[in-house]
Amino acid sequence: MKEYLLVIDQGTTSSRVVLYNKKFKIIDIVQKEFNQYFPNEGWVEHDALEIWNDIKNLIKKIIKKNKLLSKNIISIGIANQRETTVVWNKKTGIPIYNAIVWQDRRTGLYCSNLRKKGLQKKIQKITGLELDPYFSATKIKWIFDNVKIAKNNLKNNNLLFGTIDTWLLWNLTEGKSHLTDITNASRTMIFDSKKEEWSNEMLKIFGISKKILPKVVENSYNFGSTKLFGMPITIGGMAGDQQSATIGQACFNKGQSKSTYGTGCFLLMNIGNKFKISNNRLLTTVAFKINGKKMFCYEGSIFVAGSAIQWLRDNLNFFKDSNETDKLYDKANDDENIYFIPALTGLGAPYWNSNARGTFFGLTRKTSKEDIIKATLDSLSYQTYELIECMEKDSKIKINEIKVDGGMVKNNNFLQSLSNITQIKIIRPKNIETTSLGAAYLAGLQSGIIKNTNQINSLWEKDKVSKAKISKNKSKLNIKNWKTIIGAVNKFY
Ligand code: ADP
């Protein structure tokens with residue numbers, strides 16, 4: 001009998017279901033984009049029911065397409081967009097408001113007010129996070145403050161909260177499992193990551209009732225089973241997308257780092273089993289907890305990465321296909337020195353300035369579209385450098401190499417730019433679909449087809465290693481220029 005693992009990779013703009021064989025090779029992927037709602041400036045919402053229906057249909061589709069029966073599936077893993085907040089009625093299964101997406105900034109003013117009250121330090125000490133609309137806490141509060149039926153329903157014990165992992169699991173198990181995993185919990189800003197429990201202090205600050213919260217468990221766990229596709233299938237693995245990619249890249253040891261370059265960029269560094277807060281505005285989150293072993297990581301996020309390439313393609317019409325940027329990079333003028341600050345939707349770590357906007361610097365009469373493309377790809381290398389610098393300062397560990405993944409790393413010139421500017425080794429694995437791979441490993445661990453994380457280490461395969469081709473001095477000079485410019489942009493906004 002053929003046996004497979006099925007992974008739900010629920011992202012910000014599309015949902016995917018990926019079929020893996022027992023050797024963790026991808027057999028098939030089905031995907032669907034879904035609607036994005038922007039009801040106000042800075043607001044971003046999803047229809048949680050649409051997401052669930054898409055996932056259910058994608059699972060049915062991949063099972064049918066590959067002529068499988070539910071008994072051929074060993075286990076299901078879930079990797080998901082993090083922080084996005086759903087509150088639903090457990091009797092009807094209907095959300096009381098659209099899912100408020102991690103990108104949503106509607107609680108910005110509320111966060112600034114809390115900051116003025118001096119709460120940032122306390123929040124960081126308990127949750128490891130920045131006081132920012134990015135995380136779930138203020139989104140939950142907004143729903144309870146603004147949705148008329150919320151308070152009454154809460155009184156009647158009708159409501160549940162979940163991030164997308166919890167929402168999907170609850171639907172898969174037809175309301176039986178209301179659980180989340182520790183990595184998703186650590187992004188809500190109401191979870192005490194050190195003590196591993198919902199924080200009463202945070203719940204009080206945000207006025208959130210404990211009774212709507214899911215139970216928090218390890219990443220590899222028997223989360224329940226689904227009977228929606230025939231015989232019951234266990235859900236055995238769950239992690240937030242970036243932590244799932246960290247597992248997919250086998251960053252199990254202190255000091256190992258991975259960086260994902262998709263729509264946004266997320267650099268995570270494993271800092272070991274002790275919770276440590278950052279002095280350089282990085283986030284501390286749980287990397288994973290597997291078989292009782294918990295590891296933490298520092299995380300730095302860059303809000304605009306691949307989306308800057310999309311902007312060059314769709315708004316400036318510089319090329320039709322993002323893959324062309326690799327060849328176009330080679331045609332940039334050697335003597336042009338253009339810098340681009342791609343703050344199209346603000347600046348992430350370490351600036352956390354959501355008002356900042358994009359800026360070009362150093363344009364001349366000769367500047368070509370290729371120079372702009374090069375400046376855009378290089379801008380991600382400079383931002384990666386700045387995150388590495390913060391991580392090294394905070395952790396006192398030297399980063400010598402980074403494992404990379406995500407849509408942008410198909411671009412070899414980008415890999416070269418990364419290693420030139422950071423002056424470290426940039427390593428691309430054979431499978432750059434590391435987000436789904438991590439969840440497949442977690443489900444594999446739970447079902448027993450892999451025994452431990454050492455085995456995952458031996459499954460990880462490298463594809464390409466990029467090393468710096470420019471001198472340290474040249475890269476230092478460029479970084480100095482970059483810092484002057486980004487510093488000025490940050491100050492201006
Ligand atoms: P996500 O999972 O966030 O949707 P992906 O990992 O699928 O993102 O990556 C898609 C992003 O990668 C897009 O924003 C696209 O602009 C960018 N991209 C895709 N191919 C290339 C390429 N060859 N060079 C640079 N960027 C690319």
Side-chain angles (χ1 to χ4, degrees), residues 1-11 15-32 52 54-80 165 168-174 176-177 179 181 217-239 241 243-250 252 288-291 405 429-461:
M1 191 170 74
K2 287 203 170 137
E3 290 185 310
Y4 300 91
L5 293 154
L6 203 143
V7 175
I8 296 169
D9 177 2
Q10 205 301 304
S15 298
R16 295 194 233 202
V17 172
V18 188
L19 190 66
Y20 277 89
N21 68 14
K22 279 170 85 174
K23 292 190 172 142
F24 296 92
K25 294 277 174 282
I26 294 176
I27 302 300
D28 198 10
I29 304 181
V30 290
Q31 178 164 2
K32 189 173 173 294
W52 161 239
D54 285 351
I55 293 288
K56 193 167 55 180
N57 292 331
L58 288 170
I59 296 177
K60 284 183 183 159
K61 186 171 165 188
I62 207 164
I63 289 180
K64 195 166 167 204
K65 200 169 149 212
N66 290 278
K67 301 190 176 62
L68 302 179
L69 294 169
S70 58
K71 66 175 181 195
N72 300 125
I73 296 163
I74 305 166
S75 181
I76 294 178
I78 301 176
N80 59 288
D165 50 311
L168 294 178
L169 177 70
W170 189 84
N171 279 290
L172 281 165
T173 59
E174 297 171 271
K176 288 203 179 61
S177 300
L179 305 174
D181 74 88
V217 297
E218 295 195 7
N219 296 99
S220 193
Y221 186 81
N222 186 343
F223 288 89
S225 61
T226 178
K227 294 184 188 136
L228 296 175
F229 311 98
M231 301 286 282
I233 313 170
T234 305
I235 296 105
M238 188 191 274
D241 51 11
Q243 282 92 339
S244 191
T246 307
I247 294 161
Q249 288 274 29
F252 295 116
F288 53 82
K289 185 172 182 189
I290 298 171
N291 289 333
D405 51 60
K430 279 203 173 131
N431 181 357
I432 61 168
E433 290 284 337
T434 53
T435 304
S436 64
L437 184 60
Y441 285 149
L442 290 170
L445 279 166
Q446 195 276 325
S447 64
I449 59 168
I450 27 176
K451 299 281 170 274
N452 49 42
T453 52
N454 289 342
Q455 214 177 328
I456 299 176
N457 256 328
S458 59
L459 286 166
W460 185 88
E461 288 178 286

Using the side chain to side chain contact (heavy atoms under 4.5 Å, CB included) criterion, which residues pair with K65? Sequence neighbours excluded. D28, V30
Who are the side-chain hydrogen bond (donor to acceptor under 3.5 Å, both in side chains) partners of S75, not counting sequence neighbours? none
Using atom types as modelled and distance alone, determine if a side-chain donor or acceptor of N72 lies under 3.5 Å from a backbone N or O of L69. yes
By side chain to side chain contact (heavy atoms under 4.5 Å, CB included) - contacts of K64 (at least two apart): none
Please list, one pair per line, the donor and acceptor atoms closer than 3.5 Å that link side chains of residues 221-238 to other protein atoms, with sequence neighbours excluded.
residue : atom : partner : partner atom : Å
N222    : OD1  : G224    : N            : 3.0
T226    : OG1  : L172    : O            : 2.9
T226    : OG1  : L228    : N            : 3.3

Inspect the contact between E461 and K23 and indicate whether a charged nitrogen and a carboxylate oxygen are less than 4.0 angstrom apart. no
Should the heavy atoms of other residues, nucleotides or ligands under 6.0 Å from CG of N457 be counted, would the total exceed 12? yes
Any donor-acceptor N/O pair, Q243 side chain to A239 backbone, under 3.5 Å: no
Please name all residues satisfying side-chain hydrogen bond (donor to acceptor under 3.5 Å, both in side chains) with S220, sequence neighbours left out, ordered by chain then number. none
Measuring only between side-chain heavy atoms, which start at C-beta, is I247 closer than 4.5 Å to F252? yes
Taken to the nearest 0.5 Å, the spacing of D9 CG from I78 CD1 works out to 11.0 Å
Quick one: side-chain hydrogen bond (donor to acceptor under 3.5 Å, both in side chains) partners of E174, sequence neighbours excluded? none
Is there side-chain contact between I8 and L58, with heavy atoms separated by less than 4.5 Å? no
With the side chain counted from C-beta on, respond yes when F24 and I449 share a heavy-atom pair under 4.5 Å apart, and no when they do not. yes
